Structures are given as C-alpha cells and as structure tokens.
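Structure record follows, encoded as structure tokens.
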Number of protein chains: 4
Amino acid sequence: MQHSSLLLQLSPSSGEPIYRQLIEQIKRMIASGQLNAGDYLPSVRQLAVELEVNPMTISKAYGFLESHGDVSRIRGKGMMIAELAHEENVAARLQKLSPLAEILVQQCQQLGLNKQQTLEWLTHKLEKELK
Amino acid sequence: MQHSSLLLQLSPSSGEPIYRQLIEQIKRMIASGQLNAGDYLPSVRQLAVELEVNPMTISKAYGFLESHGDVSRIRGKGMMIAELAHEENVAARLQKLSPLAEILVQQCQQLGLNKQQTLEWLTHKLEKELK
Amino acid sequence: MQHSSLLLQLSPSSGEPIYRQLIEQIKRMIASGQLNAGDYLPSVRQLAVELEVNPMTISKAYGFLESHGDVSRIRGKGMMIAELAHEENVAARLQKLSPLAEILVQQCQQLGLNKQQTLEWLTHKLEKELK
Amino acid sequence: MQHSSLLLQLSPSSGEPIYRQLIEQIKRMIASGQLNAGDYLPSVRQLAVELEVNPMTISKAYGFLESHGDVSRIRGKGMMIAELAHEENVAARLQKLSPLAEILVQQCQQLGLNKQQTLEWLTHKLEKELK
DNA sequence: GTGGTCTAGACCACG
DNA sequence: GTGGTCTAGACCACC
C-alpha cells in the first residue's frame with residue numbers, strides 16, 4: 001500500500017497548469033507500475049503541503065483522474081488506483097513518449113542538427129539521470 | 001531572399017499558444033542558419049493564410065521577435081532578419097534542446113524506463129526523420 | 001411483527017448518501033402504513049448484510065429516525081416504530097411527492113416537452129410497476 | 001445567435017452541487033433544441049452575475065461541458081454549442097426523464113399509492129406549469 | 001480522518 | 001472582451 005511521497009516534480013512557471021502536470025505524472029506512474037491497483041494516492045491535504053500548492057489544485061487533478069477512471073474515490077479513505085488501471089508493458093510505455101519525440105524531431109530540424117549530433121548529446125544527458 | 005513558406009508546424013490544440021510556437025520555431029531557424037540576416041519573413045497576411053491562423057496572431061509573434069531584436073521591421077518591405085542575429089555553433093544549438101531533455105528524463109523516470117530502452121527507441125524515431 | 005426484508009432499494013452511486021436514502025424510504029413506508037406502530041425494523045446487522053452496506057451507515061440512519069421520533073430504541077429488542085408515527089391520508093402522502101413534481105416540471109420545460117407527451121409516457125411507466 | 005439569459009433555475013441548497021445543476025440543465029436545453037449548434041452560452045462573468053454565484057462555479061460547469069464535447073471554447077469569443085450536439089427527437093428526450101421516473105415509482109410504492117391516484121395528481125401539477 | 005464545493009479576489013493568456 | 005488558473009480560507013458530508 002502506497003500512501004505517501006510520490007516522485008512528483010512541479011514546474012509552477014512552465015505554463016503547463018499545475019493540475020495538468022499532476023494528472024500526467026500520476027498517469028505515467030500508473031502505467032509504469034510505480035503505482036498499482038489498490039494503492040492509495042497521498043491525501044489531498046498531505047500532497048498540498050508537500051508540493052506547496054493549494055489543496056484545491058490537488059483536488060482538481062484528483063477529480064480529473066477519477067472522472068477518467070484512473071482512480072476511485074473511497075469514502076473516508078481517499079483515492080485508490082482503480083482496478084482496471086493496469087501496468088503497461090515497455091513498448092506501450094515508450095509509446096507514451098511519442099508526443100515528446102515529435103517535438104524533439106521538429107526542434108532538431110529547425111536547429112539544423114543531424115541525427116548523430118543529437119543522439120550523442122541525448123545519451124550524455126540520459127546517462128547522468130537514468131540507469 | 002527568403003520570403004515564403006517556412007517549415008513551420010503548428011499544433012493549435014497543444015495548449016502552447018500559437019504565437020509562442022511561432023516565436024520559438026522562427027528563433028530556432030535563425031539559430032541554425034536556415035534563416036539568415038537579411039532574409040525576409042513571410043508577410044503577416046501570407047503566413048496567416050498558409051497556417052490558417054488569425055493575422056493578429058502572426059503579428060503578435062512578429063512584434064515579439066522585433067522587440068527582442070531578432071528581426072527588424074522595414075517600412076514598406078516587411079520583417080527582416082536582424083544583422084546581429086548570428087548563426088550559433090552546434091554546441092550552442094544543442095544547448096537549446098536542454099529544456100526538452102529535462103522533460104524527457106522526468107517522463108522516463110515516471111514511466112520506469114531505463115537509458116538503453118529509451119535510446120534505442122529514440123534512435124529509431126530520429127532515423128525516420130533526420131539524416 | 002415486521003422484522004425482516006423491507007422493500008428497500010439503494011443507489012450507492014447516486015450522490016444521495018446511503019443513510020439518507022434509508023431514512024427517506026423508511027419514513028415513506030411508515031406514512032403509507034407499510035410499517036405500523038409496534039413493528040420492528042430489521043436489526044442493524046441484518047440489514048447491513050442484506051443491503052451490503054457498512055453497519056455504521058444503517059446505524060446512522062436509525063439514529064436519525066430515533067432522534068426525530070419516528071422509531072424508539074427498545075433495549076435488547078431493536079428499533080420499534082413509534083406510537084406517534086401515524087398513518088397519513090392519501091392527500092398528505094401525495095403531498096410528499098411535491099419536490100419530485102417540481103423537478104419533473106423543470107426538466108420537462110428544459111427538454112421542450114409538453115404536458116400531453118409527458119403524461120402519456122409517465123402513464124406507460126407507472127403501469128408497468130404500480131397497480 | 002443566443003448569448004444571454006437562459007431559463008436556468010438553481011437550487012443552491014438542494015445538495016446537488018450548483019455546477020452539476022448547470023451542466024444537466026444546459027445539456028437538456030441542447031437536447032431540446034433551445035440551444036443550437038453555433039449558439040453561444042452566456043459568458044462566465046455574465047452568468048455569474050445573473051445567477052449570483054461565483055464565476056469559478058460557472059467556469060467549472062463550462063469546463064465539464066467542454067471536456068464532454070457538448071460545447072467548444074472559442075478563443076476570445078466564448079463557449080459555443082458544438083456542431084455534433086444535435087437536437088434529439090421527442091422520444092429520446094422523454095428517455096432522459098427515466099431516472100426521475102424510477103424514483104417516482106419507488107416513492108409511490110413506499111407511500112402505498114396506486115397508479116390512478118398518482119396520475120391524477122401529476123396531471124394537476126403539470127397543468128399548472130406546462131402547456 | 002477523507003474528498004467536495006463554494007467564495008472572493010487576483011493574475012494570466014488570448015484576440 | 002473572453003476563459004483559465006491559482007490562492008486562502010471556509011463549510012459540508014461521509015466514514
């Protein structure tokens with residue numbers, strides 16, 4: 001049972017609304033199995049304190065996740081990852097990176113970069129953070 | 001010299017405001033040398049028709065570029081790439097991809113993907129579009 | 001005299017809290033004489049099992065009914081329909097449908113339906129269930 | 001083009017959240033053709049003043065309608081009834097009364113009322129308000 | 001304890 | 001002008 005500090009990172013000034021960032025990040029954590037069916041999300045108030053945002057902002061994100069069937073509201077207990085939210089395989093998870101890849105390709109074209117230059121640089125970047 | 005159809009791709013529904021998409025894309029094309037000092041941008045009206053966007057939106061983007069010194073408004077002729085807008089070297093251009101790389105790393109972590117899986121997939125994606 | 005399965009139908013997902021549904025339904029059954037003074041309500045545990053609801057929820061409803069004088073808590077025996085809970089005449093019972101009628105009228109107006117269409121359809125619906 | 005006072009009636013104390021009441025009522029008005037594709041809803045601020053509720057409450061309702069495809073947000077102009085929102089025939093509209101009819105039947109049963117009594121009374125009620 | 005709703009008022013982004 | 005987001009703080013309902 002998961003009930004506390006998730007690996008959530010907000011960019012309050014990114015233009016992307018905070019509640020949207022939360023939705024997308026939590027969805028990814030469900031897809032990857034870091035959050036499993038039956039786990040509980042942190043409570044609205046707790047997460048609001050941790051992330052230093054207004055509880056209503058958290059609530060808005062949770063509401064969206066509920067209305068899309070990703071989590072279920074359990075009266076008096078909190079928000080539980082829905083049963084039908086299943087762990088997806090690696091290929092399916094990679095697929096979720098597609099929108100990013102499209103942007104990457106477009107920006108590389110406009111910067112006049114070639115494939116090799118880009119990949120070397122990306123490899124360097126990823127090595128610092130991922131294993 | 002350059003006065004017509006640029007390689008601009010808009011995502012009207014992406015949340016990213018259209019005029020902002022234009023600014024960033026044109027800046028990248030200047031940085032990469034696809035647009036050179038002295039070249040003219042397409043006219044507001046022409047670009048508005050091409051991209052099926054309100055002329056005000058184009059105008060707003062051009063105004064932004066002018067106020068940041070990237071282009072100069074030449075009365076009666078249009079918007080010209082400014083003299084001081086210099087072609088940057090490859091390293092500097094790659095640096096412009098950094099924000100994207102940060103998002104990429106974060107999404108990979110949340111999707112539970114490792115470096116190798118991600119790079120193989122990205123290589124595949126880039127090969128289809130870049131040379 | 002009456003001690004078991006009442007004609008209670010719950011809509012757990014209806015927004016209307018469960019304990020409130022219980023209260024209103026039991027009150028109507030008292031008003032109509034389907035539950036008479038001296039009858040006993042099903043035990044909290046029994047009803048909880050039948051309706052697949054948390055016993056606390058039943059208990060809350062019973063507590064409410066007691067505090068409003070509709071039933072009396074008889075130690076060691078259960079909840080008994082109170083003496084002063086009287087059978088109301090038909091007109092009074094129909095009056096209890098008024099809130100529903102108001103909603104019905106409003107929804108018909110917004111759906112652009114006229115009186116005749118609505119009544120024909122309601123007649124059809126009622127015929128299937130009532131005698 | 002519709003841009004002002006709709007026939008909306010709120011029951012602030014009904015338990016049913018205000019934004020939900022708005023959603024359901026507007027949906028019904030679309031179904032009945034009182035709001036047609038291309039019409040604009042009143043602006044958030046205008047409706048907030050008319051109904052004496054907080055603009056955010058209106059905005060919440062509009063957001064839901066948009067996310068369900070009933071209306072489209074037109075930048076700088078407001079919320080427009082979506083093209084695919086079609087006028088439904090009478091039978092389909094009557095069908096939307098079904099949830100109400102089920103509650104009606106249940107309450108009549110529990111009040112020990114018969115079909116004839118109920119219909120006479122409903123006829124009387126409807127005559128006063130509908131034509 | 002849990003989430004849900006609402007208010008009042010502020011600021012932002014877009015056209 | 002339009003809608004969107006966020007805050008701070010209040011109150012409610014359910015368990």
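Numbers restart at 1 for each chain; the letters A, B, ... are given by sequence-line order, proteins then strands. All figures in this text were calculated on a predicted structure; none of them were measured in a lab.
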For this session: Would you kindly give the CD1-to-P distance between I74(D) and dG3(F), to the nearest whole Å?
Result: 11 Å
Seminar exercise, completed: From CD1 of I58(A) across to P of dT2(E) the rounded distance in Å is 13 Å
Exercise. Is there a donor in the side chain of Q21(A) and an acceptor in the side chain of E16(A), or the other way round, less than 3.5 Å apart?
Worked result: no
Exercise. Would Q46(C) and E50(C) count as having a side-chain donor-acceptor pair, cut-off 3.5 Å?
Worked result: yes
Exercise. Looking at residues at least two apart in the chain, or sitting in another chain, which of them share a side chain to side chain contact (heavy atoms under 4.5 Å, CB included) with K60(C)?
Worked result: Y19(C)
For this session: Take K96(D) and L111(C) through the test side-chain contact (heavy atoms from CB on, under 4.5 Å) and record every step on the way to the result.
Result: CA-CA 9 Å; K96(D) 287 198 190 308; L111(C) 286 170; 4.1 Å; yes
Exercise. Is atom CZ of R45(B) surrounded by more than 12 heavy atoms (other residues, nucleotides or ligands) closer than 6.0 Å?
Worked result: no
Problem set entry | The single option from D70(B), V71(B), I26(B) passing side-chain contact (heavy atoms from CB on, under 4.5 Å) against Y62(B) | I26(B)
Exercise. Tell me, which stems hold DNA chain F, with a stem being 3 or more Watson-Crick or G-U pairs in a row and both distances under 3.5 Å?
Worked result: E:1-14 with F:1-14
Problem set entry | pair Q106(A)-R28(B): side-chain heavy atoms closer than 4.5 Å | yes
Exercise. Could you walk me through whether L51(D) and L22(D) pass the side-chain contact (heavy atoms from CB on, under 4.5 Å) check?
Worked result: CA-CA 11 Å; L51(D) 300 179; L22(D) 289 172; 3.8 Å; yes
Seminar exercise, completed: Expected string for nucleotides 4-10 of chain E under the B/S/- scheme (protein heavy atoms, under 4.0 Å, primed atoms plus P, OP1, OP2 as sugar-phosphate) is SSBBB--
